[in-house]
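What follows is one structure encoded as C-alpha cells, with my remarks underneath.
Order of appearance sets the numbers: ligands from 1, and atoms from 1 within every ligand. The figures here come from the full heavy-atom set of this structure, side chains too, leaving out hydrogens, waters and symmetry mates.
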Amino acid sequence: MAERIASQLNKKVLVVEKRNHIGGNAYDEYDEHGILVHRYGPHIFHTNSKEVFDYLSQFTEWRFYEHKVLAKIGKELYPIPINRLTLNKLYKLNLTSEKEVAEYYDSVRENRYPVKNSEDIIVNQVGVDLFEKFFKNYTKKQWNLEPKELAPSVCGRIPVRTNDDCRYFTDKYQFMPKEGYTKMFELMLKHKNIEILLNTDYKSVVDGIEYDKMIYSGPIDYFFDYKYGKLPYRSIRFEWETYKREYYHFAAVVNHVDFDIPFTRVTEYKYLTEQSSVYTSISKEYPQLEGEPYYPVHTEKNKKLFNAYYEETKMLKNVLFCGRLGVYKYYNMDQVVANSLKIFKTIIRVV
Ligand code: UDP
C-alpha cells in the first residue's frame, strides 16, 4: 500500500512499524552461520494471479521453486498432500492408476454433508483413518482445537490427490524472491515519498501526526482497544538449530503429525533458498496462544467477534484495514498482495 500510494499518487507515506525491521512475518535475514532464514517460519510464494506476480516482479528477480513437504508418522515419512504414493506406502498397497486411487478414497470416505468444519472436509474426502493420522493431531497441536471446531477452510487448504504430485502447491507461479523477501520489501519501500519509523507502536505517535488516510495492518481488535474482547491469534515459538553438515532432513519441511511430538513442523531453510554452505539451519515450530500474532483462528465464535469489529470499521472514513491481522483472514502472501492492490484501486477512485 505504501509503495502504491507513494509511486502512483505521489503522496507522502509514513510507515509505522512496531518491530525493529520491515516485512512483517515474511521477514528473512542471514543467521550467524550465513544461512538465509525466515524468522517467522517458512514463507513460500505461490500464486495463480498474473497481476500479483507482475506487480511483485518490479521489486525482485525470482528463482523457480516448488515446495515439497513430508509428513512424519512414527519413523516413516509420507508425501503430504496425501496422494497415490502416500496410500501405497502407508497401507502397503499397489494402486497404479488415478482411477484406483479414487476408488480407494470412495471406499473409505464418509459422506459428511453439509461440510461444516475441518473434520468434515477431510473425512468427506479420505475417511477417518487418514484424517486421524495426518490431520487430527497436527491440527490439535497447531490450533489447540479439535478440527471439528475449526472452519472447513482451515484443513481445506490441503488438497487430496489421486496422482503422484508431491508438490505442496500447484499454482501457476511458484517462485522465491531471488535475494529474499526482505530485499524485495526494501526495494518496494525505497521511494522518496516513503519514510519508515521502526520500533514504534502507532498508538504512541498517531495523535501527533496529520494524515489523510491510515492503512492499518495490525490486529483489528487492538485498533479498537479490545472493546468487544480479544480476538485470538495463534502464535508460534521457534527453536533454531544449526548443524555443520550438508542437510538435516529430506525435504524443505517435515510435518510432525504425531501427537507425542510437541512441535508441528521442522523447516530446513537451505531447501527453500538453495544456498550452498557447510552449515544448515532449521526451525522447529511450537504453536502457542501468547506472543506475536500469526494466524487468525477461524471458529464460529471468533467470526462473530470479528464481525462486531468489522461493523465498527464501516464508521471510519479515513482508515482502511488490510492484511491477515487487519481483516482476520487466513490469507496467503499472494492474497494479501491481491487484496491490497484491490484496496488501492478503491483509493484511486476517491482521490
Ligand atoms: N494440516 C494438518 N496436517 C498437515 C498439514 C496441515 O492437519 O500435515 C492442517 C492444520 O490444521 C494446518 C492446516 O491444515 O494448520 C493448514 O496447513 P498449512 O500447511 O496450509 O498451514 P500454514 O503453512 O499456513 O501454517
(Q) Looking at non-hydrogen atoms alone, which of Ile158, Val257, Asn255, Leu70 comes nearest to atom 17 (O) of ligand 1? (A) Ile158
Q) With no hydrogens and no angle check, do the side chains of Tyr55 and Glu3 hold a donor and an acceptor under 3.5 Å apart? A) yes
Q) Any N or O on Ile80 sitting closer than 3.5 Å to an N or O of ligand 1? A) no
Q. Please state which protein non-hydrogen atom is closest to atom 3 (N) of ligand 1 and give its distance, to 0.1 Å?
A. Phe134 O, 2.9 Å
Q: Please find out if less than 6.0 Å separates the ring center of His33 from that of Tyr269.
A: no
**Q.** Tyr328 and Tyr233: CA distance, side-chain angles, deciding distance, ring pair (Phe, Tyr, Trp, His ring centres under 6.0 Å) verdict
**A.** CA-CA 9 Å; Tyr328 207 65; Tyr233 292 90; 5.1 Å; yes
**Q.** Atoms of ligand 1, numbered as shown, that sit under 4.0 Å from any heavy atom of Thr139
**A.** 7 (O), 9 (C), 10 (C), 11 (O)
Q: For Lys141 and Ile261, indicate whether the former's side chain and the latter's backbone hold a donor-acceptor pair under 3.5 Å.
A: yes
Q: Using non-hydrogen atoms of the residue, decide whether Cys155 is closer than 4.0 angstrom to ligand 1.
A: yes
Q. Between Tyr228 and Tyr309, is the gap from one ring center to the other below 6.0 Å?
A. yes
Q: In plain terms, say whether Glu268 and Lys284 are close enough for a salt bridge, that is, a side-chain N and a carboxylate O under 4.0 Å apart.
A: no
Q: List every atom of ligand 1 that sits less than 4.0 Å from any heavy atom of Tyr168, numbering the atoms from 1 in the order shown and giving each element.
A: 5 (C), 18 (P), 19 (O)
(Q) Could you work out, for atom 21 (O) of ligand 1, the closest of Tyr295, Tyr138, Tyr330 by heavy-atom distance? (A) Tyr330
Q. Which ligand 1 atoms are under 4.0 Å away from a heavy-atom of Val154?
A. 13 (C), 14 (O), 16 (C)
Q) Considering only heavy atoms of Arg265, which atoms of ligand 1 have at least one such atom less than 4.0 Å away? A) 22 (P), 23 (O), 25 (O)
Q) So which protein heavy atom does atom 20 (O) of ligand 1 come closest to, and at what separation? A) Arg157 NE, 2.8 Å
Q) Closest heavy-atom contact between Pro114 and Asp120? A) O-OD2, 3.7 Å
**Q.** Proximal ligand 1 atoms for Gln142, defined as those under 4.0 Å from one of its heavy atoms
**A.** 15 (O)
Q | Taking atom 15 (O) of ligand 1 as the reference point, the nearest protein heavy atom with its distance | A | Trp143 NE1, 2.9 Å
Q | Ring-ring centroid check His38 Tyr27, cutoff 6.0 Å | A | no
